[in-house]
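Keep in mind it's a predicted model, so treat the numbers as computed, not measured. Chain letters run A, B, ... following the sequence lines, proteins first, then strands; residues in each count from 1.
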2 protein chains.
Amino acid sequence: MDPAPASPRLTAALALLRTRGERVTPARRAVLQVVDAADGAEEHLTAEQIGARVAALEPTVHRATVYRTLTSLTDAGVLSHVHLGGTATVYHLTATEPERAGTSEAEVGTAAYGHVHSGHAHVQCVECGRVLDVPPEALEGVAARLLDDLGFTLDTSHAALLGRCSDCT
Amino acid sequence: MDPAPASPRLTAALALLRTRGERVTPARRAVLQVVDAADGAEEHLTAEQIGARVAALEPTVHRATVYRTLTSLTDAGVLSHVHLGGTATVYHLTATEPERAGTSEAEVGTAAYGHVHSGHAHVQCVECGRVLDVPPEALEGVAARLLDDLGFTLDTSHAALLGRCSDCT
DNA sequence: CTGCCTGCAAAGGATTTGCACTCAT
DNA sequence: ATGAGTGCAAATCCTTTGCAGGCAG
């Protein structure tokens, strides 16, 4: 009856974690669960926010542990982070493989573009802070050019571009 | 005999400052002088670094004042900042008009951070931290697309893109 | 069992704020 | 003169670290 009995991505993450020789503990499970849930809701959480939710979910887990966990899980490749607005760093599960979000993405109408995960790039509104996902292909041109001209390999999903969203223009 | 008797840009900045109804004080002069000097050297300074240099230049100016000054000068439009690597925020004079830096830029300096100025976009190497300038036009494609699809107005010079430079690939 | 991971608590570093005073205008 | 700007110092905020004990493997 629970809506999300055990996200397949969460399971995969835990498996990967063990593969990497890391231990699976309650704290790590809680962190991954929180991040996975946020991913599903297209939310971008900072270390602090993750800490808060973990605290709500598993009060025995200490803040410090959350920070250490985020670091080790990222090192292990289970988590990835994106730098937003030059200020915040948000975490998400490292998408092992591109998933097919059932939703009809590609739409522009409302707010977001598509979903989180994989190689998405991000843009953030400097006014309202909202984060929008951008299909990686949107940056292909720049990426190619940077590689050509500067030999610079662009990581399209590591940092957010800034600007103003339609609501704040 | 001083190498930089009084940078025209510094003078202009001070003038603009007054125009905006802001007062010209020793502290602000010092901050602007430090930032202008760094600009000339194609350096990117964080608030903290600016604070350090101001302290060396004008020991009576308090750290807190530097922070407040950076904020007000930015609000006044005299200074602008760029977010690097998603972590650091660096300041530079707002280029009132595109200037011709005598130096042969476009090239990657030696170590540290590189470059500044007007509408340049920035890319930063996640490995060595080096910052490269990118002509704004390189992002025109993305910018157009974001505006079209999302109504998002991209600010190409506000945040740095991340990746790996040729040396660190 | 062994040592990786955790809880706790205290340290740390960067930025901010209240308040009274000073100086630019 | 008059209030924007400043100095000082304490207060925050977020994150990290040293240690001893506990649990995963």
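- In this structure, the CD1 atom of A:I50 is 14 Å from the C1' atom of D:dT15, given to the nearest Å.
- Between A:R20 atom CZ and C:dC4 atom C1' there is a gap of 18 Å when expressed in whole angstrom units.
- Distance OG1/A:T94 to CG/A:L73: 9.5 Å, rounded to 0.5 Å.
- The line from OG1 of B:T69 to CD1 of B:I50 is 10.5 Å long, rounded to the nearest 0.5 Å.
- Nearest heavy atoms, A:A138 versus A:V134: CB-CG1, 3.5 Å.
- Residue B:Y67 places none of its side-chain N or O atoms closer than 4.0 Å to OP1 or OP2 of C:dT16.
- For the 3.5 Å distance criterion, the side chains of A:D155 and A:S157 qualify, holding a donor opposite an acceptor.
- Comparing B:A47 and A:R63 along DNA chain C, the residue whose closest nucleotide (by nearest heavy atom) sits nearer the 5' end is A:R63.
- Legend: ring pair (Phe, Tyr, Trp, His ring centres under 6.0 Å) pairs involving residues 130-166 of chain A, not counting sequence neighbours, sorted by first then second residue: A:H81-A:H158, A:H83-A:H158.
- Atom CD of B:E58 is separated from atom P of D:dG5 by 18 Å (rounded to the nearest Å).
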* Asked: What does nucleotides 18-25 of chain D look like as a protein-contact string, B for base, S for sugar-phosphate only, - for none, at under 4.0 angstrom between heavy atoms?
  -> B-----BS
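- Whole-Å rounding puts the B:E48 CD to C:dG12 C1' distance at 12 Å.
- Comparing D:dA9, C:dC8, C:dC5 by their closest approach to the side chain of A:R28 singles out C:dC5.
- Atom CG of residue A:L161 and atom CG of residue A:L132 lie 11.0 Å apart, to the nearest 0.5 angstrom.
- Remark on DNA chain D: of its neighbouring residues B:T65 and A:H62, the 5'-side contact belongs to B:T65, judged by nearest-heavy-atom nucleotide.
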